[in-house]
2 protein chains.
Amino acid sequence: MSDVRPPTLDTVAEAAGVSRATVSRVVNGTARVSPRVHAQVENAIAELGYVPNRAARNLVNRRTDSIALVLREPDATVLADPYLGSMIIAISRALADTTFQLVLVNARNDSKHGTLADYVRGGHFDGVLLASMHTDDPLPGVLVGSHVPTVVSGRPEHPIPGLLFVDSDNVGGGRLATEHLVSLGRRRIATIAGPPDMTATPDRLAGFRAALADAALPEGPVAAGDFTHPSGERAMAELLDRAPELDAVFAGNDMMAAGALRTLRARGRRVPDDVAVVGYDDIDLAHHTEPALTTVRQPVDDAARTMVDLLIGQINGEPGGESVVLPNELVKRDSA
Amino acid sequence: MSDVRPPTLDTVAEAAGVSRATVSRVVNGTARVSPRVHAQVENAIAELGYVPNRAARNLVNRRTDSIALVLREPDATVLADPYLGSMIIAISRALADTTFQLVLVNARNDSKHGTLADYVRGGHFDGVLLASMHTDDPLPGVLVGSHVPTVVSGRPEHPIPGLLFVDSDNVGGGRLATEHLVSLGRRRIATIAGPPDMTATPDRLAGFRAALADAALPEGPVAAGDFTHPSGERAMAELLDRAPELDAVFAGNDMMAAGALRTLRARGRRVPDDVAVVGYDDIDLAHHTEPALTTVRQPVDDAARTMVDLLIGQINGEPGGESVVLPNELVKRDSA
DNA sequence: CACCAAAATGAAAGCGCTCTCATTGCGGGC
DNA sequence: GCCCGCAATGAGAGCGCTTTCATTTTGGTG
């Protein structure tokens, strides 16, 4: 309600005794300006506390200088997984050194103005980062079709021409976890898989099976979970019923691994003595379970930085961006 | 790189055979338009897929339609606490039904363009939400001084005129936890306090002491932590050394409670039989510790919604916003 | 049927910025 | 001393929108 308007380019120009164009030039460093004039302008800017008006700038430049982070999680269950939170923080950090703002778009499909797809396509953002994608989600296709620079986290089920993604090597991760169990001498290895509509699930499963095959071990039983703690408890119970003699479990994420741990304890199985357990993600919780979880760590910070770099490259029209698959790492603790 | 520009008001106007002003009116519902013309315009909009240009709108309206969520956490340690993540999600959800965008500003003091304070003051946002404040942070004062609508999460140490905050009743929460321990018959009750530079810490401590006084119990030992898991382990060890006979602990958050649990187990104390433990926050982890944590739940969703409502009220110049303190709730599980 | 108020619409002025194009100023080569 | 070329600067158009103000249309009344 204060009616004092912030200084504009013209204000500064007048104060410095030059034209608006010149001030613009020094603000943007876009052309040479004589040292004397440059100093005058700088002084005027400092004195008036001038800050460029973003809207005006965006209008003429046809850029918004902001990128959307779309979280595709209709149900709160998966939001409980701190992995997503760490992703958000990592992306925000990766963006901190750029001029881009991070806009969080919490997307239950069409909450905002009309469809989410329309909203995102509506030129509100220079680019879009998609996290926690499901295989049947049409959004990435729509965005690419609308020429909106887009990078998704996690390999899409079907490659979409022009869609870049950053993923961690889930096949390798599944293999890493399973090979570790094998190296421990375990022979009856089961797995708790994640939701089938995220590619991480089949990928980790593929790594699991490949490692088993390499070790000439029979394919262990598979139970399905949905990345939540309770689903891990249930899946473990199911596994125990189906294969009471199992001596190891590879869980599709740490949350489910924690659930499995609880079921194992309830059933009187000691971990890792009777049953070894390996999780996935290395979320904070992995330190706190009893026993502490051996798990596969994903390079969240690297992934975030890579996504941001790829996206900005696309926004700037640089050629040659390529999807990236980052390696994972086994973190050995006490559960296996 | 595509050179086809999106449709503008003029495009639509021409297609509908009316003036730009009229189209603007139907888009904004700002004035009456005859039904026939209205329909024509709607058709044209639908056909062309017109979406208003946000920058142009912002320029003339002097609004950005976006609000900043500033996370004031220089060190990653506190970021590991999922409480913050749940806050982010809750705020994002609370904003989903409004026209405002949520911009995440991850603020290690002056990463972006110049000082954070300047950046935030630079008119990039209509309002600011501050989370995880520390008592010595000058930012809220600066913002209020610059007439930037601001709402902070958590009571500031010294009331700042014009600064609204939303907090949960930490004194009451500390009391709730402690009274529960007292009601369990515990008599030697210790506490692990959080970082002293957040008001939640002295407040919870005050509640703790008040409850002890009410029960005519001596003031128990206090150890200091920093809200992290390791600090909880250390603080518990210290407490055990100083007061080996203690039979209950109230921890300033769940993370430290989990650490305390681990130390207790290592020292051979059974929970809750030998030592009862109560945490604070009811983060997801509270379900997964062994035993599951009894804890104080903060109304995160309510708090988020309240913050958003207050902020939007301020932005719209509505009078009469008041700081709010929300009640907490004791969640009984197995640790006490 | 003429008249006037009210309703509907249009014309146009900016919002603050960038950038093209034109103009000015300057030094050096002849 | 004059002219040319380049560096420095300024003038001004326009980005897409909202909004005031003027104008046209409409419809009710005498």
Side-chain angles (χ1 to χ4, degrees), chain A residues 2-42 44-45 48-66 99 113 121-126, chain B residues 2-42 44-45 48-66 99 113 121-126:
Chain A
S2 76
D3 227 26
V4 286
R5 293 199 184 165
T8 72
L9 264 196
D10 283 299
T11 325
V12 176
E14 196 177 357
V18 298
S19 79
R20 183 180 48 201
T22 299
V23 179
S24 173
R25 283 189 266 259
V26 354
V27 169
N28 298 296
T30 169
R32 312 197 45 175
V33 169
S34 72
R36 188 181 49 245
V37 172
H38 195 283
Q40 287 170 26
V41 171
E42 293 268 287
I45 288 177
L48 295 169
Y50 169 76
V51 179
N53 178 309
R54 175 174 264 251
R57 207 174 238 184
N58 291 345
L59 180 56
V60 40
N61 288 337
R62 299 203 164 62
R63 293 186 44 144
T64 64
D65 268 352
S66 55
T99 57
H113 329 288
R121 256 170 40 205
H124 297 299
F125 311 108
D126 295 337
Chain B
S2 76
D3 227 26
V4 286
R5 294 199 184 164
T8 71
L9 265 195
D10 282 299
T11 325
V12 177
E14 196 176 357
V18 298
S19 79
R20 183 178 47 199
T22 300
V23 179
S24 174
R25 284 189 266 258
V26 354
V27 169
N28 298 297
T30 169
R32 311 198 46 175
V33 169
S34 71
R36 189 181 47 245
V37 173
H38 194 283
Q40 286 170 29
V41 171
E42 292 269 285
I45 288 177
L48 296 168
Y50 168 77
V51 179
N53 178 309
R54 176 176 264 252
R57 205 174 239 186
N58 290 344
L59 180 56
V60 41
N61 288 338
R62 300 204 161 62
R63 294 188 43 146
T64 64
D65 269 352
S66 56
T99 57
H113 329 288
R121 255 171 41 206
H124 297 299
F125 312 107
D126 295 337

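Lettering of chains follows the sequences in order, A, B, ..., and the numbering in each one begins at 1. These numbers come from a predicted model, not from an experiment.
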Roughly, in whole Å, what's the span from [atom1] in [X] to [atom2] in [N]?
{"X": "A:Asn28", "N": "C:dC17", "atom1": "CG", "atom2": "C1'", "value": "9 Å"}
{"X": "A:Leu9", "N": "C:dG16", "atom1": "CG", "atom2": "P", "value": "10 Å"}
{"X": "A:Arg36", "N": "D:dT9", "atom1": "CZ", "atom2": "P", "value": "8 Å"}
{"X": "A:Glu14", "N": "D:dG10", "atom1": "CD", "atom2": "P", "value": "13 Å"}
{"X": "B:His38", "N": "C:dT9", "atom1": "NE2", "atom2": "C1'", "value": "14 Å"}

Choosing from [options], which nucleotide comes nearest the side chain of [X]?
{"X": "A:Thr8", "options": "D:dT18, D:dC15, C:dC17", "value": "C:dC17"}
{"X": "B:Val37", "options": "C:dG16, D:dC17, C:dT9", "value": "C:dT9"}
{"X": "A:Arg20", "options": "D:dC15, D:dA8, D:dG12", "value": "D:dG12"}

At 4.0 Å (heavy atoms only), tell me whether [X] reaches a base, stays on the sugar-phosphate, or touches nothing.
{"X": "B:Val33", "result": "sugar-phosphate"}
{"X": "A:Arg62", "result": "sugar-phosphate"}
{"X": "B:Asp10", "result": "nothing"}
{"X": "A:Asn58", "result": "nothing"}

Query raised in the report: In terms of the nearest nucleotide of DNA chain C, which residue is placed more toward the 5' end: A:Ser24 or B:Asn61?
Result: B:Asn61
Query raised in the report: 5'-most contact on DNA chain C: B:Ala56 or B:Ala21, nearest heavy atom basis?
Result: B:Ala21
Query raised in the report: Does B:Asp126 offer a backbone N or O that forms a donor-acceptor pair with the side chain of B:Thr64 under 3.5 Å?
Result: yes
Query raised in the report: Does any N or O in the side chain of A:Ser66 come within less than 3.5 Å of the main-chain N or O of A:Phe125, such that one atom is a donor and the other an acceptor?
Result: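 No, the answer is negative, given that no donor and acceptor are paired below the 3.5 Å cut-off.
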Please check the phosphate of [N] (OP1 and OP2 only) for any side-chain N or O of [X] closer than 4.0 Å.
{"X": "A:Thr22", "N": "D:dG10", "answer": "yes"}
{"X": "B:Arg25", "N": "C:dA8", "answer": "no"}
{"X": "B:Asn53", "N": "D:dC15", "answer": "no"}
{"X": "A:Ser34", "N": "D:dA7", "answer": "no"}
{"X": "A:Arg32", "N": "D:dA8", "answer": "yes"}
{"X": "B:Ser19", "N": "C:dG10", "answer": "yes"}

**Report entry** Euclidean distance, A:Asn28 CG relative to A:Arg57 CZ, rounded to 0.5 Å
**Finding:** 5.0 Å
Query raised in the report: So how far is it from A:Thr8 OG1 to A:Asn53 CG, rounded to the nearest 0.5 Å?
Result: 9.5 Å
Query raised in the report: Mind checking whether B:Val33 and B:Val41 have side chains closer than 4.5 Å, heavy atoms only?
Result: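 No, too far: nothing below the 4.5 Å cut-off.
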